[in-house]
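Written below as C-alpha cells is the structure these notes are about.
We name chains A, B, ... by the order of the sequence lines, and we start the count at 1 in each one.
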Number of protein chains: 2
Amino acid sequence: MTDINFSKSAGDPDSKGAEGASPAPRAGELRWDIIELLFFAYRDFVGDADHELEVFGFGRAHHRVMHFVHRYPGLKVADLLDVLRITKQSLGRVLKQLLDEGYIVQKTGNNDRRQRLLYATPKGEALVGKLAGLQTDRITRALGGIDPAGVAAIGQFLRAMIDRDDPDKVLEAIFGTSGKKT
Amino acid sequence: MTDINFSKSAGDPDSKGAEGASPAPRAGELRWDIIELLFFAYRDFVGDADHELEVFGFGRAHHRVMHFVHRYPGLKVADLLDVLRITKQSLGRVLKQLLDEGYIVQKTGNNDRRQRLLYATPKGEALVGKLAGLQTDRITRALGGIDPAGVAAIGQFLRAMIDRDDPDKVLEAIFGTSGKKT
DNA sequence: AAATTTATGTCAGTCATATTGACATATCTT
DNA sequence: AAGATATGTCAATATGACTGACATAAATTT
C-alpha cells in the first residue's frame, strides 16, 4: 500500500462551509506542502524495500515484523500486535511464514511460560539488515548538506508527529526514560 | 496501509544470537532511528484521516484521489495513475464511487475530448479540507518550537527523500520551475 | 478515408493484507 | 478449583491492489 492517508487531526472548526460551498478551511493555514511531501517521501522510502522483499516472496507485513523483532529482541506477540496495530489473525500468517522459513525463532518466556518471545535468526538479521541498508542510503542522501541543527530539527519534528497517548512497548523504548534518538 | 516497510540494516551487533552468519552490514551506520520515526510518524499521521474517512464509508484510496484532484484541478485520469502508482482498475472503483456520490466531477478536455479532467465539487472540497485540517493540526503541533531554519531543514529533508528520476505531473509542480513548498 | 494510437472504462479472476468472532490450549493468578 | 491471560487457529469477509483482455471514442498518422 502506498499509504497516503493524509491525516485528520482535530477539529477543523471551519472546514467545509468556509466561503460559498467550498470549505476552504483555514485557507492559508493548511500545510498542503508538508502533507504532500510526507506522502511522496514515505511512498519512495518504503518503495526501496518493496522490490527487495519481492525477491524473498515477502510483503511489507513481513518487513515490519522482522524489523521490530530484530530491533527489540524478545518482543512478545502481544507487543508486536500493539506496535503494528493489526489483529492477531493478520499477524499470525505472516509470523508463521517467518518462523517456518527460519527468519525468526520463538523462545518460551522464563517467567511466564505462556509467552513466546521472538528473536531474529542470523538469516532474519541478514534480511532486515539489507533492507535497512537500502533505506539508510536514502536517508543519508537526504540528510546530506543539512547541518547538525537541521538534523536535530528533523528528529524533533518526526518525534512530535507521533501520538504519545498510549505508547506501546517500542515507543516507550524510544521516548521513555531512555529518550535518545534525535 | 500502515506501511512500514523499513529497510534493512543489518547487523545489530549484539541482538539475539546472531553473531555467526548474520551480515551485520555497515554496523554503526544504519539509521534505525530515522527509519523507525518515519514509520510511527506516518502511521499516526495517516491514522488521523482514517477515522474520519470511516464516517463517509471511504478508505485511504478515496482520500488520495480526493487530495490530488483537489490540489491539482483538471488532473487527468492518466496523471492520477502516475501519481498514485496504481492500476487503472484499482483507481476505477474508487473514482467511480467518488463520482457517483458527487465528490468529484469530470469535464471533457477542451483540446482533447478523450480526456476526462477531474475536479473536486464543493462537497469534495469539504471532505478534503476537513481531512487536511486534521493533519495540519498535527503538523503545526509538531513544528511548534522549531525555528525557521529547522523548518526549512525539515522541508529540505522530505524533498530529498523523494525520487526525482521520473517525476509525474504533480512532482513536476512541486519541484519544477515553481519549486516552492519548503 | 482508413488505419493506428491514445485516453478512458470495464470485465473476470487473483492476491495480500486486513478485519471480526468464535474457540482451544497452556499457563499464570486468585 | 476457578478465572484470567497469552497465544494459536478456524471460518468468513472486506479493501485495495494486481494482470490481462477487451471495448469505445477521439485524435493522429498514413
Side-chain angles (χ1 to χ4, degrees), chain A residues 1-5 43 46-47 49-51 53-66 69 74-100 104-118 168-169, chain B residues 1-5 43 46-47 49-51 53-54 56-67 69 74-100 104-118 168-169:
Chain A
M1 104 200 83
T2 315
D3 288 61
I4 215 207
N5 235 325
R43 180 190 69 175
V46 299
D50 288 336
H51 315 302
L53 286 165
E54 279 181 35
V55 180
F56 295 82
F58 290 150
R60 293 181 180 179
H62 301 85
H63 186 189
R64 280 175 272 204
V65 171
M66 281 307 310
V69 168
L75 209 60
K76 291 183 298 179
V77 170
D79 294 329
L80 213 39
L81 292 176
D82 283 345
V83 175
L84 302 181
R85 290 191 183 168
I86 58 177
T87 59
K88 201 174 16 171
Q89 294 67 27
S90 294
L91 175 61
R93 180 178 42 82
V94 172
L95 187 54
K96 190 174 190 310
Q97 268 185 277
L98 293 171
L99 287 167
D100 289 347
I104 285 178
V105 289
Q106 288 184 326
K107 292 185 185 177
T108 299
N110 295 317
N111 307 318
D112 188 335
R113 305 198 359 164
R114 288 171 305 180
Q115 300 177 339
R116 303 302 156 77
L117 308 184
L118 305 171
D168 51 54
K169 192 174 180 180
Chain B
M1 112 205 88
T2 314
D3 289 58
I4 213 206
N5 236 321
R43 180 191 68 174
V46 298
D50 287 337
H51 315 303
L53 287 165
E54 279 180 35
F56 295 82
F58 291 151
R60 292 181 179 180
H62 300 85
H63 187 189
R64 282 175 270 204
V65 171
M66 281 306 311
H67 171 89
V69 168
L75 208 60
K76 291 183 299 180
V77 170
D79 294 330
L80 213 38
L81 292 177
D82 282 345
V83 175
L84 302 182
R85 290 191 184 168
I86 58 177
T87 59
K88 202 175 13 172
Q89 294 68 25
S90 295
L91 174 61
R93 180 174 42 82
V94 171
L95 187 55
K96 189 174 191 308
Q97 267 184 279
L98 292 170
L99 288 166
D100 289 348
I104 285 178
V105 289
Q106 288 182 326
K107 293 185 184 176
T108 298
N110 295 317
N111 307 317
D112 189 334
R113 304 197 358 161
R114 289 172 305 179
Q115 300 176 338
R116 304 302 157 75
L117 308 184
L118 305 171
D168 50 54
K169 192 173 180 180

Sequence neighbours left out, what passes salt bridge (Lys or Arg N to Asp or Glu O under 4.0 Å) with [X]? Give chain and number order.
{"X": "A:R114", "result": "A:D112"}
{"X": "B:K107", "result": "none"}
{"X": "A:D82", "result": "none"}
{"X": "B:K76", "result": "none"}

Check DNA chain D against residues 87-95 of chain B and give the residues with a non-hydrogen atom under 4.0 Å, in numerical order. B:T87, B:Q89, B:S90, B:R93
Please report the end-to-end axis angle for the helix from C:dA1-D:dT30 to C:dT30-D:dA1, five pairs per end, rounded to 10 degrees. 20°
Interatomic distance, [X] [atom1] vs [N] [atom2] [rounded to whole Å]:
{"X": "B:D82", "N": "C:dT8", "atom1": "CG", "atom2": "P", "value": "10 Å"}
{"X": "B:L99", "N": "C:dT8", "atom1": "CG", "atom2": "C1'", "value": "12 Å"}
{"X": "B:L98", "N": "D:dG16", "atom1": "CG", "atom2": "C1'", "value": "14 Å"}
{"X": "A:D50", "N": "D:dA17", "atom1": "CG", "atom2": "C1'", "value": "12 Å"}
{"X": "B:F58", "N": "D:dA14", "atom1": "CZ", "atom2": "P", "value": "18 Å"}
{"X": "B:D100", "N": "C:dG9", "atom1": "CG", "atom2": "C1'", "value": "13 Å"}
{"X": "A:F56", "N": "C:dA16", "atom1": "CZ", "atom2": "P", "value": "17 Å"}
{"X": "B:Q115", "N": "D:dA27", "atom1": "CD", "atom2": "P", "value": "9 Å"}

For B:Q89, enumerate each residue passing the side chain to side chain contact (heavy atoms under 4.5 Å, CB included) test, keeping only those at least two apart in sequence or located in another chain. B:T87
Tell me, please, which residues at least two apart from B:L81 pass side chain to side chain contact (heavy atoms under 4.5 Å, CB included). B:V77, B:I86, B:K88, B:L91
Of A:Q97 and B:K76, whose nearest nucleotide on DNA chain C comes first from the 5' end? B:K76
Straight-line distance of B:L117 CG to B:N110 CG, nearest 0.5 Å: 7.5 Å
Categorize B:Q106 for me: base, sugar-phosphate, or nothing, with a 4.0 angstrom heavy-atom threshold over every strand shown. sugar-phosphate
Contacts of type side chain to side chain donor-acceptor pair (under 3.5 Å), residue [X], not counting sequence neighbours:
{"X": "B:K96", "answer": "B:D100"}
{"X": "B:Q115", "answer": "none"}
{"X": "B:D168", "answer": "none"}

Just say parallel, tilted or perpendicular for the rings of B:F58 and B:F56, cut-offs at 30° and 60°. parallel
Can you identify which nucleotide, out of C:dT17, C:dT8, D:dC18, has its nearest atom closest to the B:I86 side chain? D:dC18
Letter by letter from the 5' end, nucleotides 25-30 of chain C scores (B base, S sugar-phosphate only, - none; protein heavy atoms under 4.0 Å) -BBS--
